[in-house]
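Each residue takes its place number in the sequence, starting with 1. Quantities reported herein were computed from a predicted structural model and do not represent experimental measurements.
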Amino acid sequence: MFERFHFEKREDRPGDERLNAGMVYGWLVIVVVLMISYTIEMFRGYRTESYLLYFSLVTVVPAIIVFLLYHWRPQWFYLRYMVLIGYLIMYTYVMATGYSIMVFSYILPLLSLLVLYHDVGLVVLTGIIVLVINGVQVYFRISSGVINSESLSQVEIQIGCLVLCFTASIVGAKIYGIIDKKNAKFREDMQEMTIATIRTIANTIDAKDEYTTGHSRRVSDYSGSIAAELGYTEDQVADIKFIALLHDIGKIGVPDSVLNKPGKLTDDEYQLMKNHTIIGADILKDIGMIPEIDVGAKYHHERYDGRGYPEGLEGDEIPKIARIIAVADAYDAMTSTRIYRNRLDPSIVEEEIEKGLGTQFDPEAGSAMLRLLREGRLVQEEHYEEPKEVREATELLSRVMEKQEEQLASNYMHDELTGAYNRNYGIKLLQEATRQGQGTMFIFDIDQFHVVNETEGYMVGDIYLQTVAKLIDSFREKGIVARFGADEFVAVFPRVITPEHATRMAEKFREKLNAKKNEQVSLGKLNVSIGIAMIDHEKEEFNVVYERADKALYVAKHQSEDGYYIHWKGADEIERQKKASADLKSLVGVLKNREKSQGGLEVDLPAFTTMLNYITDVAERNHQHVRLLLFTLMSDQEHRVSVDETDRVMTILERAILKSIRSVDATTKYSSTQRIVLLLNMDEDQVHVVTDRIMMEFYKMYDKKQINIHYDSADLSNTK
């Protein structure tokens, strides 16, 4: 129960300042009360002026001395003993000169104050001294005859009261000490948890930028070293280190694409990066655990000359903590490898800091950093393993942040109602897809949409939009789809490279839409018009293709609701495609009548005749279909294509066909610009797959885009 006395050297502790203040001001109150009481007694004639003077010397003077000591060193551990000595001087005086038996009770207020220290040893020491003083007083009073056998009971009451009060004080100090230790343990655990949380957040922030791992911790260490060099207390240094750990917390709100961009930032991206100071301050402003915790995050990019951000503060307008962190942050940036440059040489770093004194950096903080560097006293980064709990929490928080960023990115890119890309982001993707030089653009426009909203309600209109978006997304030829307006979707399908393919897609869309309308009565008024435009050449501008598709949409709407139209280059192209189709009809007619003709085929293709006879014989025996494809080269009217170039393109077409058909299929040249393909036992959908594959392979190998391909198909079953 009796703890050892605390006579060994003790360090000042922050918690002692509060206890010392309570002790000193409590003593001053006691002194004031006693002085007022004794002054009143003097005026009543119970005390002399000389007695009051001596009482003032032994009471007021020690109190003033201890009061000054407190203001000089408020956290001084031994101040409690100064109070005790001063109080005991007064107590001894009143015990020696007082004629009232109750003067012994003057010690009781001090006992109540001593309990605040929950120092049992101090209470015991005080008790022993007080009992000795009272014992001496009792001895002299008995010797002088003031106390006789009849009044001895008063002495017994006096001693018993003191023993009882001291025992109660010891028990109180002990209980208070146990409670205080538990509270201290709780505060320590909370502090460790807070530190772990701050480190977790700092690690998570650093993890967003692959080039700044450990940056927050290093800036924290450097800031602490600068603060200590400037004379900050240990507790102030600890607070500054915590504040510095979170100086970049606002980067949580900066997209990874901006943080990790290797090239120069655009003006908008730079503004996003600068906003991390404001975001960080908003996150931290309501946290009262550490004073000025938001200051470092908000002002660490301010410059001493007023040219920084976010507020352009100058000189002493910038909080001192932020000025310290600014130097530490710049030093770590210069001594670390970043995405845009390697780390700088130490001599260059010192030169840059010295050059920035009074302009970029606070002269005092910058000079302190230079002293630490030149004397080798800067706390360098220590490679230490984070506790398992911090590592796990960091990983968890990183995953949560990644999910949150994905959600934010999704909201930024997509239309909330339909899931398609929104107009702003969709234009960027559609422009990139258009510049690839192949594919088809579709504009899907809901007919009379405003009427639907007005008559059926906006909820029905939303259902129409969601239905159209799902139907577009259901195509196996996956494309880029964006909602461009209240009732319009724009899509680019890179794999759709022929008008025939685009036509089939439009027909399939109509079939799927009609099926949906049959399933859901609420979709009965849903009609969609489609404008289609082919992407003609590489690096073609999106706006040009969109204008052609929009013209096609205009035609489709005026032809009939729920229709589609493909924008052609002109009448010449249509005429050439008609001629190519006529060639196929002519060839099929010849094949159907070949048994009636005298001699060989009118087409001078003996290899083709042999091949056709073989395939049709096999097909007839196995009750299979034979389909004929005729591919025709069609040159762009804007370019004159040489014979050599035509032969080269025909070779490319042959390679594309051979790469796409099966071993049971056959192909041969039909003319200088045409090639025939025979497909055995394929239904119409399978034929479309083969033709799409041939066209895709052709345009992969042919890069000039001066020649397009047109094809037609026919069923040759039972033509023999």
Rounded at 0.5 Å granularity, tell me how far CZ in Phe55 sits from CE in Met35. 6.5 Å
Going by the rule side-chain contact (heavy atoms from CB on, under 4.5 Å), which residues pair with Glu234 if we only count those two or more places apart in sequence or in a different chain? none
Specify the closest pair of heavy atoms between Asn20 and Pro74, including all atoms of both residues, with the distance to one decimal. ND2-O, 3.0 Å
Within the structure provided, determine whether Leu370 and Glu354 are in side-chain contact (heavy-atom separation under 4.5 Å). yes
Separation between CD1 (Ile170) and NZ (Lys174), nearest 0.5 Å, reads 11.0 Å
For the backbone of Met273 and the side chain of His276, can you confirm whether one donor and one acceptor N or O come within less than 3.5 Å of each other? yes
Taking only residues two or more places apart in sequence, or in another chain, which ones meet Tyr309 in a ring-ring contact (aromatic ring centres under 6.0 Å, His included)? His301
Would you mind checking if Lys298 and Glu311 are paired as a salt bridge, meaning a charged N to carboxylate O distance below 4.0 Å? yes
Evaluate the side-chain proximity of Leu79 to Val24: yes if any heavy-atom separation is below 4.5 Å, no if none is. yes
salt_bridge(Asp332, Arg217) N-O dist < 4.0 Å: no
Please walk me through it: do Thr335 and Arg218 pass side chain to side chain contact (heavy atoms under 4.5 Å, CB included)? CA-CA 11 Å; Thr335 55; Arg218 292 193 298 271; over 6 Å; no
With the side chain counted from C-beta on, respond yes when Ile85 and Pro62 share a heavy-atom pair under 4.5 Å apart, and no when they do not. no
CZ on Arg80 to CE on Met23, rounded to 0.5 Å: 9.0 Å
Would you indicate whether the side-chain heavy atoms of Val130 and Leu88 approach each other to under 4.5 Å? yes
Just checking Glu375: does its CD atom have more than 12 heavy atoms from other residues, nucleotides or ligands closer to it than 6.0 angstrom? yes
Quick one: salt bridge (Lys or Arg N to Asp or Glu O under 4.0 Å) partners of Asp282, sequence neighbours excluded? none
What is the minimum heavy-atom distance between Pro319 and Val295, and which atoms define it? CB-CG1, 3.3 Å
Less than 4.0 angstrom from a charged side-chain N to a carboxylate O is my criterion; do Glu41 and Arg44 meet it? no
For Ile30, run the side-chain contact (heavy atoms from CB on, under 4.5 Å) check against Val33, Leu28, Leu34 and tell me which one passes. Leu34
d(Tyr91 OH, Thr126 OG1) to nearest 0.5 Å is 11.5 Å
Glu302 side-chain N/O to Leu313 backbone N/O, donor-acceptor pair under 3.5 Å: yes
Scanning both residues in full, the closest heavy-atom pair of Ala297 with Leu246 reads CB-O, 3.9 Å
Distance col, row Asp329:CG vs Met334:CE, nearest 0.5 angstrom, shows 9.5 Å
Closest non-hydrogen atom pair, Ile353 against Gly366: CG2-O, 4.0 Å
Minimum side-chain heavy-atom gap Tyr222-Leu378 below 4.5 Å: yes
Taken to the nearest 0.5 Å, the spacing of Glu351 CD from Asp345 CG works out to 10.0 Å
Residues Met82 and Leu69: closest non-hydrogen pair is CG-CD1, 4.0 Å
Do Tyr38 and Tyr46 make a side-chain contact, defined as non-hydrogen atoms from C-beta onward lying under 4.5 Å apart? no
State whether the side chain of Glu314 and the backbone N or O of Tyr304 hold a donor-acceptor pair below 3.5 Å, judged by distance alone. no
State, yes or no, whether a side-chain contact exists between Thr97 and Tyr54 at a heavy-atom distance under 4.5 Å. no
Sole candidate of Val32, Leu84, Thr59, Val66 that passes side-chain contact (heavy atoms from CB on, under 4.5 Å) when paired with Trp27: Val66
The single option from Leu245, Ile324, Ile243, Val327 passing side-chain contact (heavy atoms from CB on, under 4.5 Å) against Ser223: Ile324
Using the benzene-type ring in the case of Trp, are the ring centres of Tyr93 and Tyr51 under 6.0 Å apart? yes
Given the rule in the side chain to side chain contact (heavy atoms under 4.5 Å, CB included) test, do Arg323 and Asp316 qualify, once you have shown the distances and angles that lead to the verdict? CA-CA 9 Å; Arg323 284 180 264 161; Asp316 292 340; 3.4 Å; yes
Taking atom CD as the centre, does Glu364 end up with more than 12 heavy-atom neighbours from other residues, nucleotides or ligands that are less than 6.0 angstrom away? no
Might you point out which heavy atoms bring Arg307 and Asp305 nearest each other, and give the distance in Å? N-OD1, 3.1 Å
Please step through side chain to side chain contact (heavy atoms under 4.5 Å, CB included) for the pair Tyr331 and Leu373, ending with a clear verdict. CA-CA 10 Å; Tyr331 173 77; Leu373 290 173; 3.5 Å; yes
